[in-house]
**Student:** 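Sharing a structure with you now.
Counting from 1, the numbers follow the sequence of the chain as shown.
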Amino acid sequence: MTGTTVRRTVVAIALTATLAGLTGCTSSGGPADGGPGGSAPPAATPQPSDPSSTAPPAPSLTGPSAEALRAVERATGRAGSARVESTTVMGSELSLKAAGALGWRDDGLTGTLTITYTGGTTAETMRRLGTTAMEARYLPDAYYAEVGDEFADRVGGRHWIKYVYEDLEDLGGGAGAGFADQMRNTTPNQAVKLLLTAEDVRRVGEEKTRGRRTTHWTGTVGGATAQTVDIWVDDRDLLVKKVERGRTENGELTQTAYYSEYGVTVSAERPPAADTADFKELLASQGG
């Protein structure tokens with residue numbers, strides 16, 4: 001395996017874990033150079049639909065709809081954790097599914113997800129390296145992605161790659177700016193915050209979602225690069241389902257997430273240091 005292939009692979013893994021971890025947040029694009037074939041990290045530059053963007057903020061929603069959505073924002077935020085099942089499709093480059101539990105407390109995102117590659121060019125690359133699924137562990141300062149034996153043999157026998165959020169911000173000519181804050185602020189109620197900026201937000205009606213009675217809300221955010229956001233909320237004002245659709249440099253991005261067991265105990269342990277390679281150091285050693 002060449003140094004270029006190693007660089008592409010570790011960036012592809014970063015993209016995968018990022019998309020899965022941002023399930024409950026505003027959708028994030030792919031690497032700024034158009035894909036894992038380059039050396040940039042997953043794009044975390046705020047998109048026009050991101051409330052943290054430097055663009056002028058959209059008018060705040062008012063009235064009964066705003067009151068209902070703010071109740072959802074508060075209840076989901078207070079819950080602190082949930083089990084998550086999600087699917088992500090990004091053009092022809094990547095599709096994946098993830099399952100596990102995530103927590104969002106004052107110190108940032110924590111939890112563990114099992115991520116399975118289901119299609120796309122990135123998935124084919126990972127399959128050739130003997131990896132069809134991986135575990136990702138999220139901690140407040142970094143996330144850790146597990147790699148298979150074949151790839152581990154190429155990086156000193158280590159089975160985990162550590163991605164420090166601040167390190168990712170420094171890569172890719174500024175494409176990672178804001179990445180650390182984005183990961184620390186990942187919560188399901190980010191989708192609700194998006195809807196509160198949508199001028200066309202509306203209550204679709206009551207629907208059954210996985211056997212539960214829910215209220216469906218929808219809206220469009222982001223102006224010229226419009227992103228649609230749909231949420232389904234139960235009678236406790238907790239998010240049950242979220243769908244976000246938008247476009248990235250790599251094609252259309254669709255994320256669907258289901259949330260359950262709010263308040264579940266969440267844990268994520270740092271892998272053994274001797275079995276862990278640092279992303280930034282790994283790129284440097286491969287000429288990145």
Side-chain angles (χ1 to χ4, degrees), residues 18-29 46-53 57-77 79 82-91 94-99 102 104 113 118 182 185-248 250-262:
T18 300
L19 286 174
L22 290 174
T23 295
C25 192
T26 53
S27 294
S28 177
Q47 303 299 312
S49 58
D50 189 334
S52 66
S53 172
S60 296
L61 186 67
T62 59
S65 293
E67 294 174 5
L69 289 173
R70 288 194 178 98
V72 176
E73 179 188 359
R74 290 191 298 269
T76 302
R83 293 202 181 279
V84 180
E85 298 175 51
S86 69
T87 59
T88 300
V89 178
M90 187 172 68
L94 176 67
S95 62
L96 60 89
K97 62 181 181 180
L102 294 175
W104 48 95
L113 295 176
T118 57
Q182 202 172 12
N185 294 326
T186 294
T187 66
N189 62 7
Q190 293 298 317
V192 185
K193 291 179 180 180
L194 277 182
L195 279 180
L196 285 166
T197 70
E199 296 183 11
D200 64 346
V201 65
R202 64 186 177 89
R203 182 182 183 276
V204 179
E206 292 189 357
E207 300 176 10
K208 282 290 186 70
T209 305
R210 291 193 164 183
R212 299 164 64 182
R213 189 174 67 180
T214 60
T215 301
H216 180 186
W217 295 84
T218 189
T220 306
V221 297
T225 54
Q227 175 184 347
T228 61
V229 179
D230 289 79
I231 64 170
W232 287 257
V233 182
D234 67 12
D235 57 6
R236 298 180 297 164
D237 291 328
L238 293 173
L239 206 61
V240 174
K241 178 183 177 182
K242 178 215 72 172
V243 177
E244 292 186 47
R245 299 181 181 89
R247 293 201 61 81
T248 73
N250 301 309
E252 185 172 350
L253 175 65
T254 302
Q255 281 190 319
T256 302
Y258 292 90
Y259 304 94
S260 62
E261 295 185 46
Y262 279 94

**Student:** For T87, enumerate each residue passing the side-chain contact (heavy atoms from CB on, under 4.5 Å) test, keeping only those at least two apart in sequence or located in another chain.
**Tutor:** K97, T256

**Student:** Side-chain contact test, heavy atoms from C-beta onward, threshold under 4.5 Å: evaluate it for I231 versus V192 and give yes or no.
**Tutor:**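 I231 vs V192: side chains touch.
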
**Student:** Under the side chain to side chain donor-acceptor pair (under 3.5 Å) test, which residues partner E252, sequence neighbours left out?
**Tutor:** none

**Student:** Would you confirm whether D237, through its side chain, and V72, through its main-chain N or O, come within 3.5 Å as a donor-acceptor pair?
**Tutor:** no

**Student:** Quick one: does T215's side chain get under 4.5 Å of R203's, heavy atoms only?
**Tutor:**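 With C-beta onward as the side chain, the pair touches.
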
**Student:** Could you tell me which residues satisfy side-chain contact (heavy atoms from CB on, under 4.5 Å) with E207, sequence neighbours excluded, listed by chain and number?
**Tutor:**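 Once residues adjacent in sequence are excluded, the partners of E207 under the side-chain contact (heavy atoms from CB on, under 4.5 Å) criterion are V204, T214, H216, W232.
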
**Student:** Taking the six-membered ring of Y259 as reference, does the NZ or CZ atom of R83 fall below 6.0 Å from its centre and within a 45° cone about the axis?
**Tutor:**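 The answer is no; the distance or angle limit is not met.
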
**Student:** Which residues satisfy the side chain to side chain donor-acceptor pair (under 3.5 Å) test with R236, sequence neighbours excluded?
**Tutor:**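 Partners of R236 under the side chain to side chain donor-acceptor pair (under 3.5 Å) test: none.
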
**Student:** Test of understanding: with side-chain contact (heavy atoms from CB on, under 4.5 Å), list the residues that count as partners of V89, not counting sequence neighbours.
**Tutor:** S95

**Student:** Determine, for K242 against E244, whether the closest basic-nitrogen to carboxylate-oxygen distance falls under 4.0 angstrom.
**Tutor:** yes

**Student:** Checking S65 now: which residues fulfil side chain to side chain donor-acceptor pair (under 3.5 Å) with it, not counting sequence neighbours?
**Tutor:** none

**Student:** Could you tell me whether the side chain of K193 reaches within less than 4.5 Å of the side chain of E73, counting heavy atoms only?
**Tutor:** yes

**Student:** Tell me which one of T220, V221, L195, L196 satisfies side-chain contact (heavy atoms from CB on, under 4.5 Å) with V201.
**Tutor:**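 Among the candidates, only L195 passes.
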
**Student:** With side-chain contact (heavy atoms from CB on, under 4.5 Å) as the test, would you mind laying out the steps for W217 and L69 before giving the verdict?
**Tutor:** CA-CA 9 Å; W217 295 84; L69 289 173; 3.9 Å; yes

